[in-house]
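Quick notes on the structure that follows.
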Amino acid sequence: MNTVKIGWIGLGKMGIPMSQHLVKAGYPLNVYNRSKDKEDAFKAQGIGSAASPAELIQHTDVVFVMVSDDKAIDDIFTGENGLLKPEVSGRVIINMSTVSPAISKEMAAKCIAQGNHYLDAPVSGSVKQAEDAALVIMVGGDATAFEQVKPILEKLGKLAMLVGDTGAGNTAKLAINTLLGIVAQGLAETVTLARQNGIDAEALTTLLNNSALGSPLIKIKGEAIVNNNFNAAFALKYIAKDLRLAKDMGADTPLAQTAYKTYQDAEAALGEEDIIAVIKHLG
Ligand code: NA7
C-alpha cells in the first residue's frame with residue numbers, strides 16, 4: 001500500500017484510465033468531476049469523491065488535473081470552491097491537461113505563493129496509450145517536486161521527462177501536437193487522393209504501413225479510416241484547440257496554420273469525433 005494520498009480531478013476519456021492505474025498501484029485515491037455521474041463507477045469501487053476541488057485538496061498530498069482547456073483550469077483553480085481556496089500548503093499539483101504555457105505560469109505563481117508546487121505535465125498519446133500506461137509525459141517546473149512525484153508519473157506512462165521550467169511541458173506538448181495535426185491531415189489527404197483515383201483505403205494503408213512512412217499513428221488512424229470508425233480517441237475539437245494555442249505562441253509554422261484552418265472549419269460538424277474524421281471534411 002502506498003501512503004501518498006492522491007486526488008484526481010477530471011474523469012474524461014483520459015482521466016478514467018489514467019487514474020485507474022493509480023488505484024491498481026495501491027495509492028489511496030479520491031476523485032472529483034464536474035459532472036457527478038462520471039464519479040459513480042469510482043464510488044462503486046469504494047473510491048472516495050469530493051464535492052469540490054477545494055474539498056479534494058484538503059485531504060490529499062498530490063493532486064492531478066486532467067481537463068479540457070484553459071477555461072477549465074481557471075475554473076478548477078480559481079473558482080468559488082477551487083483548488084486555491086483553502087489555505088493548505090505542501091501539496092504538489094500536477095496539471096496534465098493540454099493548455100497554454102501562459103495559464104500554467106499564472107496558476108504556478110498562485111500555487112507557489114500558497115506554499116504548494118505546480119507541475120505542468122501534459123501527455124503524448126490518447127486513450128489506448130492511457131489504458132496501456134504507455135503515455136509520454138513532459139514536465140515543466142521545479143526539479144525537486146518532479147523527482148518527488150516521478151515514481152507516480154511512471155505508473156501512467158513509459159517516459160516521464162522534465163523539460164524545463166513552468167510551461168515547458170505545455171510548450172513541448174504543443175510542438176508535438178503541431179506535428180500530430182499536420183500528419184493526420186496529411187494522411188487524410190493521401191487516402192482521399194488515392195480513393196478519388198481508384199485505390200481504396202485498405203490497399204493504400206497497407207502500402208503505407210510497409211513503407212518508410214509507416215508509424216504507429218499512421219497504422220492506428222489508417223485502420224480507423226478503413227473501418228469507418230471515427231469514435232474519438234482524441235477529439236477533433238482538441239486538435240483545433242491545440243493548433244490555436246500553438247499559433248498564439250508566434251512561431252513561423254505555415255503548415256500548422258493551414259491545418260489549424262482545416263480543423264477549425266471541420267469542428268462544428270465533426271468536433272466530437274476523432275481527429276482523423278477530418279477525412280470526412282475533405283470530401
Ligand atoms: P474529455 O473526455 O472531453 O474530458 C474533459 C474533462 O474536463 C471532463 O472531466 C470535463 O468535465 C472536464 N471539464 C471541462 N470543462 C470543465 C470546467 N469548466 N470545469 C471543470 N471541469 C471541466 O477530454 P479527454 O479526457 O479526452 O482529454 C483531456 C485533456 O487531454 C485535454 O487537455 C486534451 O487536449 C488532452 P465534465 O465531465 O464535462 O463535467
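What you see is a predicted model, and the numbers here were worked out from it, not measured in a lab. For ligands, and for the atoms within them, numbers begin at 1 and follow the listed sequence.
- Less than 4.0 angstrom separates some heavy atom of G12 from each of these atoms of ligand 1: 2 (O), 4 (O), 9 (O), 25 (O).
- Put simply, CG on N33 and OG on S49 are 10.0 Å apart, with the number rounded to the nearest 0.5 Å.
- In the hydrophobic clustering of this structure, I47 groups with L156; members are Ile, Leu, Val, Met, Phe, Trp, Tyr whose side-chain heavy atoms approach within less than 4.5 Å, directly or through other members.
- With a 4.0 Å cut-off on non-hydrogen atoms, I76 touches ligand 1 through its side chain and not its backbone.
- Between the NZ atom in K158 and the OG atom in S124 there is a gap of 8.5 Å [rounded to 0.5 Å].
- Nearest protein heavy-atom neighbour of atom 31 (C) of ligand 1: V67 O, 3.3 Å.
- Here the protein heavy atom with the shortest distance to atom 39 (O) of ligand 1 is S35 OG, 2.5 Å.
- The contact set between ligand 1 and N33, taken as ligand atoms under 4.0 Å from a residue heavy atom, comprises 8 (C), 9 (O), 11 (O), 36 (P), 37 (O), 39 (O).
- With ligand atoms numbered from 1 in the order given, ligand 1 contributes 17 (C), 18 (N) to contacts under 4.0 Å with heavy atoms of D75.
- Looking only at protein heavy atoms, the nearest one to atom 30 (O) of ligand 1 is M66 CE, 3.4 Å.
- Note on V31 and F64: same hydrophobic cluster, where clusters join Ile, Leu, Val, Met, Phe, Trp and Tyr whose side-chain heavy atoms are under 4.5 Å apart, directly or indirectly.
- Distances from atom 21 (N) of ligand 1 to the heavy atoms of R34, E272, K237 show the closest one on R34.
- Nearest approach of T60 to I6, heavy atoms of both residues: CG2-C, 3.5 Å.
- Among the atoms of K13, some N or O lies under 3.5 angstrom from an N or O of ligand 1.
- The protein non-hydrogen atom at the shortest distance from atom 1 (P) of ligand 1 is Y238 OH, 3.6 Å.
- Across every non-hydrogen atom of L84 and C111, the tightest pair is CD2-SG, 4.0 Å.
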Is there a salt bridge (Lys or Arg N to Asp or Glu O under 4.0 Å) between D274 and K221 once you walk through the steps? CA-CA 9 Å; D274 192 68; K221 298 307 177 192; 2.9 Å; yes
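- Close contacts between ligand 1 and G10 involve ligand atoms 9 (O) [criterion: under 4.0 Å to a heavy atom].
- Considering all non-hydrogen atoms of both residues, I239 and N177 come closest at CD1-O, 3.5 Å.
- By the criterion of a heavy-atom distance under 4.0 Å, both the backbone and the side chain of T98 are placed next to ligand 1.
- In this structure, F230 CZ and L270 CG are separated by 9.0 Å, a value rounded to the nearest 0.5 Å.
- The side chain of K38, and not its backbone, has at least one atom closer than 4.0 Å to an atom of ligand 1 (non-hydrogen atoms only; side chain from C-beta on).
- L204 and I279 fall within the same hydrophobic cluster, defined by Ile, Leu, Val, Met, Phe, Trp and Tyr side-chain heavy atoms under 4.5 Å apart, directly or through other members.
- Protein heavy atom in closest approach to atom 25 (O) of ligand 1: M14 N, 2.8 Å.
- Heavy-atom contacts of L11 reach the following atoms of ligand 1: 9 (O) (cutoff under 4.0 Å).
- Heavy atoms of I9 found under 4.0 angstrom from ligand 1: none, in either backbone or side chain.
- Close contacts between ligand 1 and K241 involve ligand atoms 31 (C), 32 (O), 33 (C), 34 (O) [criterion: under 4.0 Å to a heavy atom].
- Looking at every heavy atom in both residues, V67 comes nearest to A72 through CG2-CB, 3.6 Å.
- What sits closest to atom 14 (C) of ligand 1 on the protein, heavy atoms only, is S68 OG, 3.0 Å.
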